[in-house]
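Keep in mind it's a predicted model, so treat the numbers as computed, not measured. Side-chain atoms are counted along with the backbone in the values below, which use heavy atoms only and exclude waters and symmetry mates.
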Amino acid sequence: MKYFLGFLIVILLFSAQSRLGQSLDSSKVQKLMELGFYPYPSLADLEINSLPDSLLQVTHLSSSDIDLNFSNTGDLGWINDVAIQNKVLLIGEEHYHQVIANLRNRLVFYLNTIDTYPLLVMEAQYSYTPYYNYFLNLPDDNEAEVYFSKTLYNMVGSEDKRDLLHHLRVWNQTHPLKKIFIGFSDIEHDYATTLSQVIIPYFKSIDTQNYRDRKTQSLQEIAKLLPHFFKLLETAKEKGLRGEYPFITPQFIQNVLLNLQSTYWAYEFEFNTYRQKAIIRNLTDQDFLGSFLVKGKAVIYGGSFHMTTHYSYPEHLNFFREGSYLAEDFPLTKGKVYSISFHSFARSLEKMADRSIDSCLKQGSYYISLVKKWQTAHNEKLIDANDNLLDFQMNDLHRLILRKALKAGNSPLLVNSIDWNEMLAIAEKRDAGAFNDLKGWKDDYIRYDAHIFIPCSPFITAAKKIP
């Protein structure tokens, strides 16, 4: 094992000399490794001690976003039969990769070209759902832009989501018989904003309480207000009370209050249990998003962990992964769910190199930690904005995949087949640790129907706050 680790360090140092045609001296490589990074290798590096190409058969895909005519989808024909035969397509992502978002967009519009998948569900808080759809379906472009600036701006935290919204709006205008709706299935992680921008304004005309500024309200304090809001909701139902926009109805507010309750239970008691119960409810209850599954098909986009279709929990606990639940337990979708797991290797900063997180709209803690880590390397002049870095140690399979990608200009790869038996046999002869690592990869791999590997991608770009 000591020999193996020493050999790995030599490879990494050598790799840095040829990365992207640049030259990194050994001191910079050492500093990168101290920060938890590994330089992006060259094709020559990946030929060293490598697995045979014959063990992995792939199809190369484009990394581009959808074009203005929704027509750059010639590489997606492999999904045709899958689209027709299934009711739900799951896209399991690794978070914050722009190239994955690009492929998601092309898949969504291609599916709706060859078939009809009228619902796109994403992993964000449920309360956003009607706000986004109102923007998508306003007939007047000027009115839509005013609405976006006034109401929606702070709910759309990244530039890739803004791009997606504009793609969807154009699609809906040009395909009125095949409109796509967007839904969100998660709990209210930004619960303070839900309270201040959705709940309190709705009840303002019938509520006598003075809430002052509740943006800094803790979740425990918000939870104490929930019985009061549920009581007010009964009055709102009697009056048929609507909010500022026509979609802010008593039913919608009831859904948001229930989702806030689930949020409190998740953060206060047991996060995964109550979060997943809420996600399943939000997806399948007809008062939430479930009516779409009654009427038609859906694309669900979220973290790969959630999107397994060949992984069953004992004792009726499939709700811990919505993919497993939809594939095996939910009558409307059982046996009609197909999963694609996306894996991404290296990241680059690009626009986020010089964009302070503090100047951006609220982001998740994991995104913040990742971007700041890459920005540290950039600020110390160890990398440029477009340099790709790995933050994990590659195994033999990674090296084989990356070699295939580099030979085609760093293109994403759809895996057609992997010879696991031969690969594991080679790994076992080389090193017990490498064998166990690959075996773990295989065990995870078979939980999904298809896999796409992204060799490198920029971070998605966080949207700036309005000055």
Side-chain angles (χ1 to χ4, degrees), residues 121-134 151-152 154-155 157 182-291 302 306 319-320 322 325 361-365:
V121 181
M122 297 180 70
E123 189 180 335
Q125 58 194 49
Y126 168 80
S127 61
Y128 290 165
T129 299
Y131 289 90
Y132 275 55
N133 286 304
Y134 191 69
T151 301
L152 196 57
N154 289 335
M155 297 182 184
I182 194 165
F184 298 99
S185 61
D186 212 341
I187 56 177
E188 304 293 312
H189 295 290
D190 188 7
Y191 42 81
T193 298
T194 303
L195 182 73
S196 64
Q197 294 189 11
V198 180
I199 300 301
I200 290 176
Y202 175 75
F203 287 125
K204 187 175 181 180
S205 65
I206 60 172
D207 194 1
T208 58
Q209 284 202 31
N210 179 12
Y211 296 98
R212 300 177 186 171
D213 183 4
R214 292 278 177 171
K215 284 187 177 181
T216 57
Q217 191 81 232
S218 73
L219 184 56
Q220 288 75 14
E221 290 173 316
I222 292 174
K224 292 177 183 177
L225 292 171
L226 286 176
H228 172 67
F229 289 133
F230 277 115
K231 185 175 180 180
L232 284 175
L233 182 62
E234 295 307 311
T235 302
K237 288 179 179 179
E238 291 172 4
K239 293 177 175 289
L241 184 65
R242 288 183 180 267
E244 181 178 4
Y245 298 106
F247 58 80
I248 305 177
T249 63
Q251 181 63 61
F252 169 63
I253 295 298
Q254 177 172 295
N255 290 356
V256 175
L257 290 175
L258 290 171
N259 214 39
L260 275 171
Q261 185 177 68
S262 297
T263 306
Y264 169 66
W265 289 344
Y267 280 98
E268 180 70 16
F269 300 108
E270 209 293 313
F271 185 80
N272 286 335
T273 298
Y274 288 105
R275 181 193 182 202
Q276 283 304 127
K277 281 180 174 288
I279 288 173
I280 296 300
R281 175 199 62 212
N282 296 347
L283 285 172
T284 61
D285 189 318
Q286 292 189 44
D287 285 337
F288 288 77
L289 300 174
S291 60
H306 299 263
F319 71 85
F320 275 110
E322 48 265 44
Y325 181 83
L361 296 175
K362 184 172 181 177
Q363 304 295 318
S365 59

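Evaluation of the ring-ring contact (aromatic ring centres under 6.0 Å, His included) rule for Y191 yields no partner, not counting sequence neighbours. Under the side-chain contact (heavy atoms from CB on, under 4.5 Å) criterion, A266 pairs with I187, F271, Y274, R275, sequence neighbours left out.
Paired with T249 under the rule side-chain contact (heavy atoms from CB on, under 4.5 Å), one option of Q254, K237, R242 passes, and it is R242.
In this structure, the ring of Y132 has its center less than 6.0 angstrom from the ring center of F184.
I222 is not listed as a side-chain neighbour of Y264, based on a closest heavy-atom distance of 4.5 Å or more. At least one side-chain heavy atom of F252 sits less than 4.5 Å from a side-chain heavy atom of V198.
Using cut-offs of 30° and 60° on the angle between ring planes, the pair Y245 and Y134 is tilted.
For the pair Y126 and D287, the tightest heavy-atom approach, listed with the atom from each and the gap, is OH-O, 4.2 Å.
Distance NE2/H189 to OG/S127: 11.0 Å, rounded to 0.5 Å.
Under a 3.5 Å cut-off, the side chain of Q363 and the backbone N or O of G157 do form a donor-acceptor pair. Looking at Q125, its side chain does come within 3.5 Å of a backbone N or O of D190 through a donor-acceptor pair. Side-chain atoms of N133 come within 3.5 Å of backbone atoms of I182 as a donor-acceptor pair (strictly under, hydrogens ignored).
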